[in-house]
Each structure stands twice: as structure tokens, then as C-alpha cells.
Amino acid sequence: MAERRKQFPFDEFEPKWQNHWEENKTFSVPNPGEAGFDTSKPKYYVLDMFPYPSGSGLHVGHPEGYTATDIITRYKRMNGFNVLHPMGWDAFGLPAEQHAIKTGEHPRINTENNINNFRRQLKSLGFAYDWDREVNTTDPAYVKWTQWIFLQLYNSWFCEEENKAKPISELEAKGMSREEIDHLRLAYVAETPVNWSPDLGTVLANEEVEEWRAKGHTVERRPLRQWMLRITAYAQRLIDELEGLDWPNGIKLLQTNWIGRSEGAEVDFTIDGEKVTVFTTRPDTLFGATYMVLAPEHPLVDKITTDAQKTAVEDYKKTCAGKSDLERTELAKEKSGVFTGGFAINPVNGEKIPVWIADYVMMSYGTGAIMAVPAHDDRDNEFAEKFGIKIIEVVKAPEGNEDKCFTGNGTAVNSGFLDGLSTPEAKEKIIAWLEEKGLGKKTVNFKLRDWLFSRQRYWGEPFPIVWRDGNHEALPESELPLLAPELEDYKPTGTPEPLLSKATEWVDLGDGVKRETNTMPQWGGSCWYYLRYCDAQNDSAPISEEAEQYWMAKNGNPGGVDLYVGGTEHAVLHLLYARFWHKVLFDLGHVSTPEPFQKLVNQGLIMGEDGQKMSKSRGNVVNPDEVVDLYGADSLRLYEMFMGPLEQVKPWSMKGVEGVFRFLARVWRLVMDSNQEGEWEFSSRLAEIEPDKATNKVVHATIKKVGDDIDAMSFNTAISQMMVCTNELTKLDQLPVSSVVTLLHVLNPFAPHLTEELNAKLAVAFDSVSADDLDSQPWPEFNEDFLIEDEIEMVIQVNGKVRDKIMVPNEASKEEVEALALESGKVQSFIEGLTVRKVIVVPGRLVNIVAN
RNA sequence: GCUGGCGUGGUGGAAUGGUAGACACAACAGACUUAAAAUCUGUUGGCCUUCGAGCCGUGCGGGUUCAAGUCCCGCCGCCAGUACCA
């Protein structure tokens with residue numbers, strides 16, 4: 001480690017101010033009805049995506065978003081808002097369970113240790129969190145309400161007519177049977193194929209598979225009985241209600257595509273008198289369907305396969321079943337399939353077309369059967385060419401299109417009564433025709449699948465469910481939280497039997513009643529933590545009505561949280577799941593907004609100095625503790641904001657940290673100098689004098705720009721303006737105290753320790769300086785008058801090229817400016833012999849003389 | 001393949017259609033110092049120069065405009081996400 005050269009004593013005053021904030025609970029904010037709550041202030045809710053407290057501690061990527069929200073928090077406080085800015089821990093998770101398997105120690109212990117380390121690190125950065133509202137998803141008091149919300153889902157169904165969730169009790173009142181009701185619940189049990197890892201002892205979400213495989217674990221595909229959440233019921237609302245949110249377009253698009261709405265039609269074909277329904281987005285190409293493909297798992301396959309094809313079909317089905325979805329796509333370079341021997345009848349023209357099975361058709365989407373139109377679908381085209389199936393053109397491409405297989409909109413041909421119609425017209429007409437004949441109907445399909453919600457882990461919320469006579473039953477609210485019992489060992493069972501099944505006493509309730517042994521995934525706790533922060537200590541409800549209505553108030557927008565900052569990795573998972581839960585809670589009347597997060601900002605990844613993604617194996621990971629030790633928390637905060645735009649991916653540079661460190665040292669030296677003995681004393685340049693014009697100008701321009709830039713979350717440019725201001729002040733022989741204090745004010749949200757320290761020192765020596773902490777004082781106002789200059793420099797262009805610069809009086813009219821410009825000697829030499837055609841004057845900026 | 005995003009000095013980056021390169025890093029030169037560090041000052045896109053200036057320059061090729069890094073069209077490259085979704 002390099003020798004520390006202390007240019008200012010950050011290692012003394014940073015811990016001092018952190019203790020001061022902690023002791024005074026400076027950043028704790030009361031709820032409505034509590035002592036000290038100021039009803040006159042508007043609210044502002046600034047939220048960070050809470051971290052998983054991993055064993056390796058904070059990464060420099062964490063403080064990037066956290067510093068951004070911290071600046072906003074401090075700035076909004078200074079502008080008169082009640083600001084809610086909390087932090088907590090997404091603490092369930094596989095790593096803690098892995099640790100438990102290795103050591104036999106309860107995962108809670110490891111989790112607590114990691115949380116303590118994370119909390120210490122965050123506090124060492126001086127963030128303005130309200131630590132009284134700290135939330136931990138593994139805390140029994142929190143688990144209780146996660147399970148309570150699950151029961152809300154369990155006890156609800158989705159009413160299609162009203163397009164919202166409603167209580168199950170309504171169905172019971174109608175006299176519906178238990179079986180009918182169980183088919184409608186938002187939380188239900190179903191047998192589905194899942195990613196099962198025997199050595200991890202759990203199923204994994206699709207997106208988790210790669211990560212664990214890379215670490216050497218095996219993952220296989222097998223059908224299991226699982227808890228599912230009916231997120232598909234909300235598919236349309238999850239798309240439509242993105243509309244009013246202030247989110248990056250890319251994220252909205254990602255969610256929209258993930259949900260994957262496609263409009264089309266279901267069309268009924270017949271095979272040996274048996275009806276087969278296909279889904280297509282291009283019903284207008286029905287005349288071009290030259291074969292049909294069924295998914296290998298399609299229930300009709302066995303029925304229609306002829307004896308001659310039986311062996312081939314059976315073999316093909318076996319090959320497909322042995323492949324995971326992943327392998328199925330990895331090996332997807334070449335189309336494969338087998339003819340069943342059966343023929344389907346095309347309802348539009350009575351033609352007999354061969355029926356194939358192929359793995360490019362998925363049982364899980366649409367109807368698991370397609371009509372193949374090789375002339376106008378790339379996949380069908382590839383397949384037909386490989387197997388020599390007829391290709392009939394039924395859409396004429398627009399003039400000039402040379403595509404081998406045209407998939408766009410054109411004009412219908414070879415299509416009987418559709419001929420001559422444009423694609424949209426043809427779609428409409430054929431759908432009307434099918435509906436009239438009872439051969440099909442307009443349909444909407446979504447890619448989104450219901451959410452597989454159970455895991456076989458230990459370290460997760462147990463389901464508050466018991467089984468009696470083969471039926472599931474909810475635990476009464478009074479029995480929550482239901483906590484997992486301690487286990488002798490946490491080793492996986494090796495079978496898909498959940499780990500909790502080892503706790504036989506806990507599971508077996510007598511009389512044949514048994515507990516559900518699956519646990520919830522980590523997403524459960526993170527789906528509603530932003531609500532819990534509003535009322536973190538409440539033990540009679542997840543959140544009180546009053547707290548919800550204040551902190552999650554709409555203020556004219558659909559979302560309750562005013563600003564949510566975090567990484568893009570949660571674009572479709574957490575952000576979709578949380579929206580879904582929120583909508584259910586909204587439908588049931590527990591929350592007052594249809595959306596949880598109004599404004600979303602994604603911070604960009606911080607790369608290593610080598611431009612590669614930071615990773616232990618590359619050895620390019622930067623530890624924030626080390627940076628704080630060498631340069632202080634303010635330097636780390638400031639550097640992360642100065643690197644570039646928040647949303648952008650950018651590489652770390654220790655030299656860059658030194659740069660902002662030098663800047664903070666310059667600010668320090670505005671106030672403090674070191675004397676012969678090396679002790680700090682007040683700078684002799686400081687004086688309680690009126691700033692001159694130039695000083696006022698730069699200081700007030702800084703107030704304005706920093707405020708505007710914080711609003712726009714353009715922190716890097718705000719910092720550069722403060723650097724400009726500091727450089728100007730450094731040049732002065734006599735330094736007005738008021739100007740220095742103003743600079744400290746605007747710098748405070750960025751570098752709170754240094755600025756509070758200097759302000760406190762100045763307050764002792766100068767009567768004009770308030771002894772109050774900067775964070776409790778209002779944001780300084782700028783005076784527009786100071787920004788106006790008597791003379792402004794204007795650029796003179798001839799034919800768009802800069803030829804001269806002149807000073808003109810501020811109040812000069814366009815005509816006067818034009819005259820002055822034309823008088824310029826340099827301009828004269830460039831327009832000599834030319835005719836001036838036009839003169840454009842942009843007030844305060846430039847003059848462009850057009851001549852030829 | 002598809003969908004997004006992005007291409008500006010040696011580097012990170014700045015620029016309501018209006019002076020391209022703010023601010024910072026690195027580099028070089030100088031001041032201070034016995035010396036180094038720290039600090040301060042200056043230079044730093046390229047070409048050319050008679051030292052006044054001039055010419056070129058924001059991935060490439062076109063276009064719109066008095067004026068384009070910025071808007072439009074067509075390419076090329078990089079990054080991210082996604083993948084047989086009918």
C-alpha cells in the first residue's frame with residue numbers, strides 16, 4: 001500500500017461526523033402521527049435496490065447508485081421535503097445455505113455476520129439512511145408479512161370481467177366446489193417441468209441455471225409438483241400500465257418483450273376427423289400452409305402416427321425428452337423433425353397437408369401446433385427446404401423486395417377470396433370468415449409463463465400451508481410467522497424432496513396432516529420491501545394505511561416510490577414480480593397506487609481498470625474499504641459521481657480518485673492552511689468582505705448549475721462546475737467567507753463530511769457563519785442579477801466559420817450587433833469582393849454573415 | 001438472427017441545432033526544494049506556418065440547414081439483452 005500523504009485529515013473528521021449523524025438520528029424521518037412529523041412538507045421517497053449481503057462485502061458498484069440517491073436525498077431535504085431514504089437486506093439466498101452445508105452452522109449466523117459487515121461499510125460512506133427503518137427479509141417479523149401476502153394471493157382469484165383480483169370468499173359464497181376454486185387461485189399447485197439440481201437440492205429459475213452450472217453443479221429437467229403464481233392473469237395490465245411510468249424506454253421494452261403479447265388467430269384443422277387447433281399470427285397466409293407441425297409432446301401425436309412411422313416418431317420423441325430446453329436451443333442450428341404419416345385438412349381449401357413433429361414447436365406456447373407456411377416464415381422455410389416440402393407464395397412482396405422468404409406485409413395472392421388485399425386487410429377478412437364458419441377465432445397469446453414460486457431450499461420462507469386429505473389449506477394468520485426448524489445438517493436430500501422434509505416432527509402434525517415443505521424463492525421478500533420501509537416496526541400489519549397513503553402517495557402519477565435506482569440485471573425479474581404483487585395488493589385494497597415505482601434509473605456497471613468486468617478470478621476487483629482508507633469516503637463518493645453519466649458503463653481509475661481527492665484538498669485549503677509546524681490553521685486569506693462581481697458570478701452560476709444538474713441526475717457536470725468555482729476562489733488574494741460557505745452548501749450532498757467539518761470550523765471563527773449543520777439549512781438561492789454581464793463576447797462567423805470574436809454591450813440590439821460585426825477588420829477581409837446575402841444574429845451567442 | 005444502446009483527443013468525458021474537446025486523468029516543461037513528494041504556473045486534436053494566421057477534424061458515405069457531434073437516409077464497428085414464441 002502506498003504511503004498515505006494526508007492533505008487533509010479526513011481520517012479524523014469522517015468518523016466524527018458519522019457518529020454525530022448516528023447519535024443525533026439526523027436522517028431518521030417520522031411517520032405521520034409521530035412526534036416531530038411536519039405535515040407542511042411534501043414527501044419524497046428515494047429507494048435503492050437493497051443488496052444481497054454476500055460474504056465478500058460491498059463492491060464499488062454498490063456505492064455508485066447509493067451515492068446518487070444520497071445526493072438526491074440530501075438535496076431534497078434542503079429543499080423542504082420529508083425524505084424517506086431507507087436501506088435493508090435481501091438476505092435469503094443460496095450462498096448462505098451453501099455455507100451452512102459446508103460448516104453445519106445455521107445460515108442465520110453467516111447471514112448476520114455479512115449484514116454487520118455491509119452495514120459497517122455503508123456507514124463508513126456517510127449515507128443519509130434512516131437506519132431505524134432497516135429491513136431484513138429473513139427477520140421473523142418480516143417473514144410473517146411475506147407469508148401473509150402469499151396468503152392474500154392464495155385467497156384470491158382473477159376476475160376476467162373486472163380485470164382484477166378478488167377474494168376467494170366471493171366464489172365460496174356462490175357455492176363453487178373446492179376443486180373449482182383451487183383452479184382459480186392466484187397461488188396454485190401444478191405439475192410442471194423444472195430445472196432440478198440434485199447437488200444443490202433445489203429447483204432453479206431458468207435465469208439461475210447458467211450461473212450454477214458454471215460453478216460445476218448439475219442441473220436437469222424433470223417434472224415436479226410446484227407452487228405457481230398466476231402472473232399471466234396480469235399480462236395485459238403489466239404491459240399497459242408501464243405507460244405512465246418514468247422508466248428508461250429500454251427497460252419498458254424489455255418487459256414488454258418478455259411478456260410477449262402477440263395477436264393472431266386460432267384455426268381448427270382436422271386430422272382423421274379429430275380437431276387440431278393451431279395458433280398463428282398470420283392467418284392471412286392460410287392458403288400457403290403446406291404442412292403442419294405438432295410439438296413432440298403434443299397429446300395427439302400417438303393417435304395420428306401411422307404404423308409405418310411409429311418407430312421413427314418414438315425415437316424422435318425420446319431424443320427430445322432427453323434434452324433440456326437449453327440443449328434444445330443450443331443444438332438448434334439445424335432443423336430436425338419426423339413425418340407422422342398423418343394428414344390434416346386445411347379448412348380454407350380442403351387440401352390435405354402432411355403432419356410432422358419437430359422440436360422447433362414448443363408445447364408450452366400457443367396450442368403446441370402450427371400451420372407451416374414456408375413461403376413466409378423463416379423457420380418453416382428452412383424446414384421445408386431441408387425436407388423437400390412444397391412452398392407456395394401467398395403474399396406478394398412490395399416492389400424492390402428481394403427476400404428469399406418474405407415475412408413482411410404485402411398483397412395476398414394465390415389465396416382465393418383474399419387475393420389483392422393488403423396483409424392487415426387479409427387478416428381481418430380471414431378471421432371474420434373463420435369466425436363465421438366456426439373454424440377459428442381471433443386470439444391473443446403471451447410468452448409470459450406463470451411464475452414457478454417454490455424451492456426445495458432450507459433458507460427461505462416456508463409456505464404457510466398444510467396438507468389434509470390431499471388438499472392444501474392456509475394456516476390462520478395467528479400462526480404466522482411459520483419458521484423453519486433447526487436441522488441437524490443442511491445437506492441436500494439428493495432427491496427432489498425438499499430439505500424441510502428432514503424435519504419429520506415439524507412436518508407431521510398428526511391425523512395425517514402434514515406441512516408443506518417447499519420454501520419461497522428469494523424474490524418473495526424483495527417483492528414488497530419498499531412497502532415495509534414505510535412502516536418497518538408495525539407488528540399488526542405489513543404497513544399501516546396512514547403510512548402507505550403518505551409515503552406511497554401518487555402525486556398525480558401511478559407509482560408510489562418517487563425514485564428507484566439500481567442495476568439493469570433486475571429489468572425483467574424483480575421489477576416484474578414486484579409490479580405483479582403490487583397490483584394484486586392494489587386490487588385487494590391494501591395499497592393505493594397501481595404501480596410501485598414511478599421513476600426508475602439504472603446505474604451503469606463499473607468495470608475494472610483493465611476495462612473488463614470486475615471479478616475475483618481476473619483480480620481486478622476494487623474494495624471500497626481500501627479506497628476509503630487511502631482517500632476517504634468523500635473522495636470515493638465524489639469519484640463515483642465524477643466518472644461519467646450515472647447510467648453509463650465505465651472503467652475504474654485509481655488516478656481518477658486521486659484527481660477528486662486533490663479537488664477536495666483544494667477546497668480544504670480554501671479554509672485551512674498548514675503552518676510551519678505542520679498544524680492546521682485558518683487561511684489568512686479569509687475575510688468577511690463583500691465578494692466582487694466576478695466572484696459572485698461564478699458562485700451563483702455554481703448554485704444554479706449544481707441544482708439543475710442534481711435534478712437532472714447529471715452529477716459529473718455538477719462536480720466539474722464546483723471544480724471551476726473552487727479554481728476561481730483559489731486564485732483570489734482575499735477570500736470572501738460567504739462565497740466559501742456557499743460552495744460548501746452546494747458541495748455538501750456530494751461530500752458531506754468535509755463540508756460539515758469546514759462549515760463548523762468557520763462558524764467558530766466568523767459570526768456571519770451559521771453554526772447549524774449544513775444538512776439542516778436550506779439550499780442556497782441564486783441571484784439571477786449576478787449572472788448578467790455588461791459586455792458579452794460574441795462569435796462572428798462568415799459562411800458558418802468562426803472569423804472573429806467581439807465584445808458587445810449586453811443590451812445591444814440585433815441591428816447594433818450586426819453593424820459591429822460587419823465593421824470587424826477580419827470580417828472585412830473575408831467578405832471582400834463578396835455580396836452579403838444574409839446576416840443571422842443569435843442574441844448573446846453569435847453572428848453569421850452569409851456572403852458569396 | 002432479432003431488439004435496444006453507443007461510436008468525440010493518449011484516457012474518462014463536456015457541448016438547449018449556434019465558438020467541438022468544459023472538467024479531470026496522463027504526458028511534457030517551468031517555479032519552490034539539497035533532493036523527492038506535495039503544491040503552484042504553463043503547454044498538450046492533427047497538419048502547416050513567414051508565428052499574423054491558415055487548412056483539416058466528432059466511425060464511414062450522402063442529405064436537410066445560414067449553421068450538424070447533435071436532425072434525416074444508407075453503411076461499418078463495439079457493447080448489452082434475447083433467442084426456433086408460430
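Order of the sequence lines sets the chain letters (A, B, ...), proteins ahead of strands, with each chain counted from 1. No experiment lies behind these values; they were computed from the predicted model shown.
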Q.
Go nucleotide by nucleotide along RNA chain B from the 5' end; which of A/Leu253 and A/Lys705 gets its closest nucleotide reached first?
A.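 On the 5' side of the pair lies A/Leu253.
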Q. If each of A/Arg845 and A/Arg282 is mapped to the nucleotide of RNA chain B with the nearest heavy atom, which maps nearer the 5' terminus, i.e. the 5' end?
A.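 Of the two residues, A/Arg845 wins.
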Of the nucleotides [options], which one has an atom closest to the side chain of [X]?
X        : options                : answer
A/Arg669 : B/rG13, B/rA67, B/rC40 : B/rC40
A/Leu254 : B/rA86, B/rC66, B/rG81 : B/rG81
A/Gln7   : B/rC66, B/rA86, B/rA38 : B/rA38
A/Val361 : B/rG18, B/rA86, B/rG13 : B/rA86

Q: Tell me whether B/rG81 sits syn or anti, counting syn as a glycosidic angle within 90° of 0.
A: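 B/rG81: anti.
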**Q.** N-glycosidic conformation, B/rG52 - syn within 90 degrees of 0, else anti
**A.**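 Base orientation: syn.
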When rounded to the nearest Å, what value does the distance between [atom1] atoms of [N] and [M] take?
N      : M      : atom1 : value
B/rU64 : B/rG69 : P     : 16 Å
B/rU16 : B/rG30 : C1'   : 41 Å
B/rG18 : B/rC72 : P     : 15 Å
B/rU44 : B/rG17 : C1'   : 30 Å
B/rG9  : B/rA22 : P     : 13 Å
B/rG10 : B/rG21 : P     : 16 Å
B/rC23 : B/rU34 : P     : 34 Å
B/rC76 : B/rU65 : P     : 28 Å

Restricting both atoms to N or O, compile the protein contacts to nucleotides 21-28 of chain B shorter than 3.5 Å, with distance only.
unit_1 : atom_1 : unit_2   : atom_2 : d
B/rA24 : OP1    : A/Asn727 : ND2    : 3.1
B/rC25 : OP1    : A/Arg662 : NE     : 3.2
B/rC25 : OP1    : A/Arg662 : NH2    : 2.8
B/rA26 : OP2    : A/Arg662 : NH2    : 3.4

Is there a side-chain contact between [X] and [Y] (heavy atoms, below 4.5 Å)?
X        : Y        : answer
A/Val798 : A/Lys826 : no
A/Val355 : A/Phe269 : no
A/Tyr316 : A/Thr340 : no
A/Val657 : A/Leu636 : no
A/Ser262 : A/Tyr365 : yes

**Q.** A/Gln797 side-chain N/O to B/rU19 phosphate OP1/OP2 under 4.0 Å
**A.**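 For B/rU19, neither OP1 nor OP2 has a side-chain N or O of A/Gln797 closer than 4.0 Å.
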Q) Does a side-chain N or O from A/Lys805 land closer than 4.0 Å to OP1 or OP2 of B/rU19, or not? A)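 Answer is no, no contact under 4.0 Å.
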Atom pair distance, as rounded to whole Å: [atom1] in [X] and [atom2] in [N]:
X        : N      : atom1 : atom2 : answer
A/Leu664 : B/rA38 : CG    : C1'   : 16 Å
A/Ile606 : B/rG12 : CD1   : P     : 15 Å
A/Lys613 : B/rA80 : NZ    : C1'   : 10 Å
A/Arg261 : B/rA86 : CZ    : P     : 12 Å
A/Lys252 : B/rU3  : NZ    : C1'   : 17 Å
A/Glu640 : B/rG12 : CD    : C1'   : 14 Å
A/Gln255 : B/rG4  : CD    : C1'   : 15 Å
A/Tyr360 : B/rC84 : OH    : P     : 13 Å

Q | Sequence-aligned protein contact record of nucleotides 54-59 of chain B, with B where the base is within under 4.0 Å of a protein heavy atom and S where only the sugar-phosphate is | A | SSS---
Q: Would you sort out whether A/Phe339 and A/Phe387 count as a side chain to side chain contact (heavy atoms under 4.5 Å, CB included), showing the intermediate values?
A: CA-CA 10 Å; A/Phe339 177 46; A/Phe387 294 103; over 6 Å; no
Within this structure, what is the [atom1]-[atom2] distance for the pair [X] and [Y], rounded to the nearest 0.5 Å?
X        : Y        : atom1 : atom2 : result
A/Leu747 : A/Gln721 : CG    : CD    : 12.5 Å
A/Ile792 : A/Asn810 : CD1   : CG    : 5.0 Å
A/Asp284 : A/Ser415 : CG    : OG    : 8.0 Å

Q. A/Phe663 and A/Tyr639: aromatic ring centres closer than 6.0 Å?
A.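 Aromatic pair excluded; centres sit 6.0 Å or further apart.
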(Q) For A/Tyr291 together with A/Phe383, are the ring centres under 6.0 Å from each other? (A)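 Centroid separation for A/Phe383 and A/Tyr291: below 6.0 Å.
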(Q) In this structure, which stretches of RNA chain B are paired as stems of three or more consecutive Watson-Crick or G-U pairs, both distances less than 3.5 Å? (A)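 Stems found: B:1-7 with B:76-82, B:10-12 with B:23-25, B:27-31 with B:39-43, B:45-47 with B:54-56, B:59-63 with B:71-75.
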Q.
Looking at A/Ala265, is its backbone amide N or carbonyl O close enough to the side chain of A/Thr280 to form a donor-acceptor pair, meaning the two atoms are under 3.5 Å apart?
A.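 Absent.
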Q. Looking across every strand, which nucleic acid part, if any, lies under 4.0 Å from A/Val795 by heavy atom: base, sugar-phosphate, or nothing?
A.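 Base: the residue A/Val795, judged by heavy atoms under 4.0 Å, touches a nucleobase.
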**Q.** Sugar-phosphate only, base, or nothing, as touched by A/Ser262 at under 4.0 Å among non-hydrogen atoms
**A.**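 If one applies the 4.0 Å heavy-atom cut-off, A/Ser262 turns out to touch the sugar-phosphate alone, with no base involved.
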Q) Does NZ belonging to A/Lys386 count more than 12 external heavy atoms closer than 6.0 Å? A)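 Result for NZ/A/Lys386: enclosed.
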Q: Could you tell me whether the side chains of A/Asn602 and A/Thr568 share a donor-acceptor contact shorter than 3.5 Å?
A: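 No pair is found: no donor N or O on one side chain lies under 3.5 Å from an acceptor on the other.
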